[in-house]
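A note on names: the letters A, B, ... follow the listed sequences, proteins ahead of strands, and every chain is numbered from 1. Just so you know, these numbers use all the heavy atoms, side chains as well, and skip hydrogens, waters and symmetry mates. Predicted model only: the values in this text are computed from it and were never measured.
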Amino acid sequence: MRKVAGIDVGSAVTKAVVVSDAEGAAVVVGRGSVRTGVDLEKAAADALAAALADAGWQRGSVDYIATTGFGRSSVSFRDLQVTEITSGARGARRLFPSATAVLDIGSQCTRAITLAENGKVRGFKTNDKCAAGSGSFIVRAAKYLQIELGDVGEIALRAENPQPISSICAVLAESEIINHVSAGVSVEDILSGIYDSLAERASMLLKRAGMGQELVLIGGVARQKGMVRALENRLKVPVSVPADCEYVCALGAALLGLKRLETQLSAASCQS
Amino acid sequence: MHCAELERTFDNCAEIVQDLSLAEVRRWKNEHPGAKAIGYFPVYAPMEIIHACGMLPVGLNGAGDRLDIQYADARFGSFICSIVKTTLEMAMTGHFEPLDGMLFSTICDSARNLCYVIKRNFPQMYVDFLHLPHNPGSPATLEFLRGEYARLQQQLEELGGCRATEEGLRHTIALYNQNRALLRQLYALRAAAPHLLRTWELYTLMRAGNFVAVETHNQWLREAVEELPARTGKPRDSIRVVIEGSFCEQPPLDLIKLMEEAGCYVVDDDFILGRRWFTEDVPMNGDPLTALAESYLNRAVYSSVRHDFRNPRHKALVEKTRRLNAQAVILLIAKFCEPAYFDYVLFKRELESAGIPHLLLEFEEKAFTFERLRSEVETFVESLLFD
Amino acid sequence: MGMRFAAGVDVGSTQTKAVIMEDNGGGGPRLVARALVDTGANVQKAAEHGFLAACREAGIPAQEVGFVVGTGYGRYKITFGNTQMTEITCHARGAVFLCPGTRTVIDMGGQDSKAISIGAKGEVLDFVMNDKCAAGTGRFLANAADVMGVSLDEVGPLSLQGKQPVKITTVCTVFVESDILSYLAQGKKAEDILNGVHMAIARRTVSLARRVPIEPQIALTGGVARNIGMVRALEQVLGATLQVSAEAHFTGAIGAALFALEKMDQSFESAIWRPAHA
Amino acid sequence: MTAKSEYRSQIHQLQKDLMLRWYERLDEAAQTGSPPTVAMMISGNCVELLEGFGAVPLYPEVNALQLAIRHQSLEPILAAEELGYAADNCAYVKADIGCMLKGITPTGGKLPVPTLVLCNFVGCNTYIKWFEHVAELQGAPLYMLDVPFFRTEHPRREDIDYVVRQLQETVQKLEALTGRRFDYDRFREAVRCSAEVEELWSRIKRLAQKTPSPFDAYFDAITLMGPLYVYRGTPAGVEFFRVALQEMEDKVARGEGVYDQEKFRVVIEGPPPYPYFRTFRDMFAKWKACAVASTYSTVGGLWEFGFRHDPDHPFEAVALHMLAHNVTNRNYLQRYEQIRRYVEEWNAHGVIIHFVKSCRLFSAGQGDMRDYFTRTLGIPTLYLESDLEDPRYFAEAQTRNRIDAYFEALEHAQATGVSISMEKPGPSAALRVIE
């Protein structure tokens with residue numbers, strides 16, 4: 001039995017997953033997460049410890065550690081590092097085996113990934129010029145409209161007459177929101193408009209990355225139902241959201257780690 | 001691996017490339033009292049004509065992140081590429097003091113307007129604009145371009161109070177033919193053994209030539225060609241890529257290094273194209289200006305700012321990729337570089353139908369952190385390496 | 001006419017500023033009261049609250065205010081106002097009142113920054129504003145403070161302690177977060193990061209301001225004028241001294257109120273007057 | 001109070017009829033293969049040459065702007081971006097390519113695959129890419145007519161010869177493609193018509209020197225530009241501009257202006273924001289500000305300073321027009337000079353520079369232009385940014401704010417008798433040497 005950990009060192013939260021191949025196929029046996037803070041190495045170690053505790057395994061009992069996320073290179077005890085695009089695609093494909101595209105909408109970055117038949121990354125695009133079209137747009141709107149972030153998605157679903165938001169800057173869009181509010185537009189309609197404008201940008205990225213027929217949505221906004229609906233409306237394809245979307249990249253890293261470990265072991269056995 | 005001389009040359013070149021004060025140009029002018037230096041922006045300039053007039057051609061490739069833009073932003077607003085702004089900023093902050101003239105050409109709309117903005121703000125400087133023809137297929141074009149080169153030569157002769165003889169031009173052409181032949185050799189060497197010559201080394205060696213006399217540069221290149229085979233090194237598990245799109249604004253040195261760190265062997269690129277845009281030697285017989293003009297029309301390297309509808313650029317890219325046995329193409333495009341972005345559409349179409357994977361990356365010369373780009377390059381490499 | 005009081009209400013994207021001014025004859029206009037409220041989602045309400053708070057502060061009923069000029073992004077939402085003017089015109093006017101002799105105004109607001117060139121008689125000669133995105137505006141600073149867990153009042157003084165400012169690549173208000181996070185991860189000191197942030201904004205602002213002729217005296221207006229770190233950073237990049245009034249935050253509202261006083265004056269044959277809701 | 005203003009009368013209807021007829025002919029060409037059509041750019045177009053073949057010009061910009069003005073440009077732009085065009089590529093191109101992909105036309109009729117894609121390059125490098133893509137995507141033959149940039153004080157003999165030889169090659173190419181013989185007499189007649197239209201058009205433009213100006217030389221000029229480019233070399237064009245001149249002269253005789261009381265006269269540089277054309281115009285109308293001259297109305301040809309096609313040397317006349325007498329092939333400093341003359345000879349109060357992100361030919365360096373007008377000449381200048389085709393780049397509140405502030409300053413100056421000009425032009429920053 002091989003034990004492998006995947007650790008996703010994100011800018012806000014670090015997530016770890018431990019998998020084992022005891023039953024012939026990789027199974028997740030534990031998960032854990034901690035706030036990242038400024039010490040990335042420590043965050044990775046703590047998240048791993050939490051995942052091991054969750055699995056009921058001892059510290060130091062994993063055979064291989066793969067890291068991903070923004071702090072992936074800052075973890076000295078790693079065996080392998082992959083980007084969150086590679087790991088996200090791998091994790092999403094594991095959870096939805098027929099998925100051909102993955103959208104990862106985080107607070108600052110949106111990534112669109114298309115998958116080849118065997119689940120490899122075929123193409124990808126990220127928003128890199130400015131934060132327009134990233135999740136922070138919603139965070140700002142919620143703050144401005146004085147709504148709990150967790151409620152935003154539900155509220156947007158009740159919109160009757162969504163108002164478009166045309167500004168390309170997440171910050172300047174606020175003045176558009178102000179205009180809508182002052183003009184008496186309902187909060188529902190404004191939020192729905194925001195989701196639609198996010199969905200429009202995400203769709204464009206996805207189309208430029210090569211589209212796909214079945215879409216998995218991961219990242220911070222995946223939990224928000226308004227976002228899911230806006231994407232479905234725009235792309236006309238089914239959108240699935242993993243139950244634990246925070247752990248998708250960590251899972252993907254662990255799976256890639258397991259694969260790498262197997263390759264190494266078989267190479268070693270060939271040599272010996 | 002023991003080529004101390006070679007390492008010193010690379011370090012020296014890196015220093016010259018990083019230096020914004022044009023110290024090498026000042027030194028050349030001190031050694032040649034009264035002689036002029038002419039800056040050219042940055043591709044398809046007929047350096048031979050400048051050299052034959054007894055002047056030093058100086059390649060202008062922007063200022064990277066070594067100069068804060070404080071004045072140029074007010075002249076060129078949003079949505080304009082960085083090299084246009086850094087070039088103007090260098091001018092407005094006195095960095096071009098050693099230059100007696102500047103030469104621009106038809107490469108793009110922003111560059112052309114830059115020519116005239118500089119002309120207005122620096123009336124004491126000789127600023128000229130060359131029309132490089134877009135219709136190489138017409139019999140009328142050769143005559144036109146020869147005339148345009150003759151016009152330039154005459155302007156320079158007036159400026160320098162000198163005469164460029166046919167003899168002198170032929171001598172110059174021979175020197176530049178040598179320079180380009182040596183660069184071609186180095187490129188071939190790297191494509192064959194990319195672990196022996198890293199891209200940043202080749203890049204700085206080549207770019208340093210922008211600031212020194214061609215005779216000096218030839219010497220450096222010759223040394224490199226002679227000493228490189230003695231180098232040793234272990235090949236890494238990297239993918240072979242062709243880089244396309246950086247023909248004008250140059251990616252930061254750290255970004256070039258990052259490409260290799262992230263697992264790419266660069267087997268061809270279009271960096272510093274201004275030094276090596278003839279694909280073969282310019283003929284030494286006949287009228288030299290005609291030979292130069294005819295070479296621009298018939299043996300100049302393609303790029304997004306040279307148009308020759310007889311030979312589509314997208315086909316040439318695929319051909320090059322296959323010839324060099326590269327696995328992928330990285331389209332490394334400067335932010336706001338409209339010609340490159342237009343070409344991307346046709347490049348993408350052609351690469352996809354040829355089954356060659358590609359990655360589009362956008363850079364800005366003034367950037368100095370590359371987390372996002374690193375992620376993208378790593379992902380791209382991972383997508384080709386893992387199954 | 002018995003009215004002595006006039007008001008200026010500056011409805012900005014984050015805060016609404018209202019002032020009451022009085023003209024009691026020979027002494028010239030005098031600032032009587034000011035109020036500051038968060039703009040929030042309801043712009044009309046914010047304007048009204050601000051105005052009434054200023055009246056309370058002045059100790060006068062609203063009816064005694066003879067003329068109200070609105071300015072700022074929300075100026076068309078001020079239902080009780082008599083007319084509106086752009087914040088550019090108002091800032092110029094206010095700055096000359098607060099710092100006589102001002103020839104250049106640099107203003108840093110929540111979503112936009114601007115530079116105004118002013119003639120010897122206080123007239124607007126030329127102006128520029130940022131476009132399209134909020135890069136390098138006051139919001140950039142607020143965001144940076146937020147990410148670092150420092151209050152907006154502290155960032156300025158703290159940044160002055162920075163000895164080795166970090167280089168900030170982005171001017172995007174949202175992306176600056178990740179720049180800061182990675183510097184924190186590298187163990188950089190808070191003061192050095194903040195110093196870098198201030199310098200980034202200062203460079204951006206000055207490069208914008210250079211589009212108009214920058215002539216002394218230069219006044220810094222807007223809420224950010226209270227931030228000593230920003231003042232120093234701007235001075236360093238400009239290579240010049242800035243005039244900062246204690247009332248800098250209210251410059252736009254004061255300018256609006258000064259115009260309101262003029263409108264009340266019957267002898268002033270207004271060329272500018274337009275009905276409300278034009 | 002006139003918040004909105006638009007000149008509507010006989011020529012408005014005439015213009016509509018003419019343009020509709022043009023689209024009908026294009027539709028006919030698409031259906032039947034005749035008449036032959038030539039895709040060409042408006043800037044420095046050589047429409048006269050086409051008359052020698054009875055061929056109809058196909059201007060992609062006209063289609064693009066029609067879409068934008070009807071608020072329909074975003075969909076095709078997005079379609080093109082899906083194909084790989086970048087956010088920073090010219091939106092005219094994207095809208096045109098997007099329409100091609102989606103089969104959208106401004107009238108709903110069909111547009112033909114052109115008999116020839118004639119890339120009449122006059123200064124705009126983007127056109128080369130545009131036409132290369134159009135030819136590639138449609139499989140149409142392409143001819144690159146390379147016009148040297150106007151980089152010397154006067155047009156050079158070599159430049160004229162080079163263009164004339166290429167015009168003759170174009171003729172040969174069209175003869176081969178259409179199977180028709182080039183009708184030289186008809187060509188010369190077209191050149192003669194052009195000269196007449198140019199004279200009429202120039203006289204119309206000169207009428208804007210009157211106070212009040214009878215029409216807006218930016219917003220209304222666009223109405224007249226369609227016939228100018230499509231029908232310039234035809235009797236129908238001559239007739240149209242005769243009527244137009246008569247109408248304008250009548251207005252002047254009656255003392256009628258664009259506004260009941262014209263308050264400000266401005267010169268506008270740069271293309272308009274077509275997706276918000278109406279809104280943008282109303283922002284000026286609110287201040288009764290009339291554009292008395294504009295550079296945009298000279299993209300197809302600059303005639304108000306005297307150039308006319310010469311029917312005695314038709315090929316050379318066409319070459320000269322392409323080389324030196326349209327704003328896009330003229331260099332930046334020549335454009336400064338053009339605007340300066342407008343301000344002086346058309347008695348304008350100030351200059352409005354409209355930066356459009358799509359068009360670097362127009363916009364790259366407009367900050368320097370602004371510096372020249374405010375600092376060197378002391379003319380109040382307003383700088384605005386948006387786009388000519390992409391609705392996503394028009395920020396209404398910001399634009400209104402700037403326009404209001406600009407006219408508030410001008411108004412204040414008029415009311416108090418202060419002249420808005422720099423009292424002591426500062427030294428150019430260019431001369432400052434740091435180090």
Side-chain angles (χ1 to χ4, degrees), chain B residues 21 71 73-80 84 91-95 97 106-117 119-122 128-131 133-135 137-141 143-144 147-148 151 304-305 307 309 312 333 335-339 341-346 348-349 360, chain D residues 80 83-86 88-90 93 97 119 121 123-126 128-130 132-133 135-136 142-146 148-149 151-152 156 158-159 161-162 165-166 169 331-334 336 355 357 359-368 370-372 383 385 428-435:
Chain B
S21 72
Y71 299 91
D73 261 342
R75 306 303 174 99
F76 281 84
S78 328
F79 308 111
I80 304 297
V84 162
M92 293 177 94
T93 49
H95 286 89
E97 185 264 327
T106 355
I107 58 170
C108 78
D109 298 342
S110 302
R112 186 190 53 223
N113 289 359
L114 173 65
C115 169
Y116 290 93
V117 167
K119 202 172 179 137
R120 178 177 93 83
N121 286 280
F122 300 90
D128 206 346
F129 184 83
L130 272 191
H131 184 87
H134 297 294
N135 186 7
S138 164
T141 310
E143 199 177 307
F144 168 79
E148 185 69 350
R151 183 181 70 82
S304 297
V305 292
H307 297 95
F309 293 144
I333 298 181
K335 191 169 180 169
F336 304 126
C337 178
E338 200 171 23
Y341 270 115
F342 270 120
D343 277 6
Y344 170 67
V345 177
L346 296 184
K348 175 175 185 264
R349 214 167 72 131
L360 170 64
Chain D
L83 200 70
Y85 288 94
D88 297 317
N89 281 133
C90 170
V93 182
I97 302 276
C119 187
F121 169 74
C124 174
N125 281 281
T126 293
I128 307 179
K129 304 289 188 191
W130 187 348
E132 184 183 16
H133 290 204
E136 176 86 21
L142 173 68
Y143 182 77
M144 175 76 216
L145 206 171
D146 179 43
F149 191 61
R151 63 213 180 284
T152 45
R156 303 171 72 225
E158 293 89 330
D159 293 359
D161 291 345
Y162 177 46
R165 282 177 68 181
Q166 292 181 87
E169 279 177 33
N331 72 50
Y332 224 49
L333 302 183
Q334 289 164 335
Y336 289 11
F355 173 104
K357 107 177 242 299
C359 186
R360 290 173 172 85
L361 177 149
F362 255 104
S363 305
Q366 274 173 334
D368 185 71
R370 180 183 196 283
D371 182 84
Y372 172 71
Y383 181 88
E385 283 191 3
S428 173
L431 302 177
R432 184 196 289 250
V433 174
I434 294 169
E435 246 178 339

Which atoms of [X] come close to chain B, meaning under 4.5 Å heavy atom to heavy atom: side chain ones, backbone ones, both, or neither?
X	result
D:Y85	both
D:L361	both
D:Y336	side chain
D:C359	neither
D:R165	side chain
D:F149	both
D:R370	neither

Using side-chain contact (heavy atoms from CB on, under 4.5 Å) as the criterion, list what pairs up with B:V305, not counting sequence neighbours.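 If we apply the side-chain contact (heavy atoms from CB on, under 4.5 Å) test to B:V305, skipping adjacent residues, the hits are B:V43, B:Y44, B:I107, B:F247, B:S303, B:P339.
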
Closest-packed option against chain B by number of heavy-atom pairs under 4.5 Å, given [options]:
options	result
D:C90, D:G84, D:P148	D:P148
D:T152, D:T126, D:D161	D:T126
D:Q366, D:Q334, D:H133	D:H133

[X], part contacting chain D, at a heavy-atom distance under 4.5 Å:
X	answer
B:F342	both
B:P139	both
B:E97	neither
B:H134	both
B:F129	both

Any idea which of B:N113, B:I80, B:I333 has the most non-hydrogen atom pairs under 4.5 angstrom with chain D?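 Heavy-atom pairs under 4.5 Å are most numerous for B:N113.
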
Using the test side-chain hydrogen bond (donor to acceptor under 3.5 Å, both in side chains), find all partners of D:Q166 that sit at least two apart in sequence or belong to another chain.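 Once residues adjacent in sequence are excluded, the partners of D:Q166 under the side-chain hydrogen bond (donor to acceptor under 3.5 Å, both in side chains) criterion are B:N135.
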
Would you verify whether the NZ or CZ of B:R120 falls within 45 degrees of the ring axis of D:Y332 while also being under 6.0 Å from that six-membered ring's centre?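 Verdict for D:Y332: no cation-pi partner in B:R120.
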
Write down the atom of D:A135, the atom of D:L142, and the distance for their closest heavy-atom approach.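 Result for this residue pair: CB-CB, 3.9 Å.
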
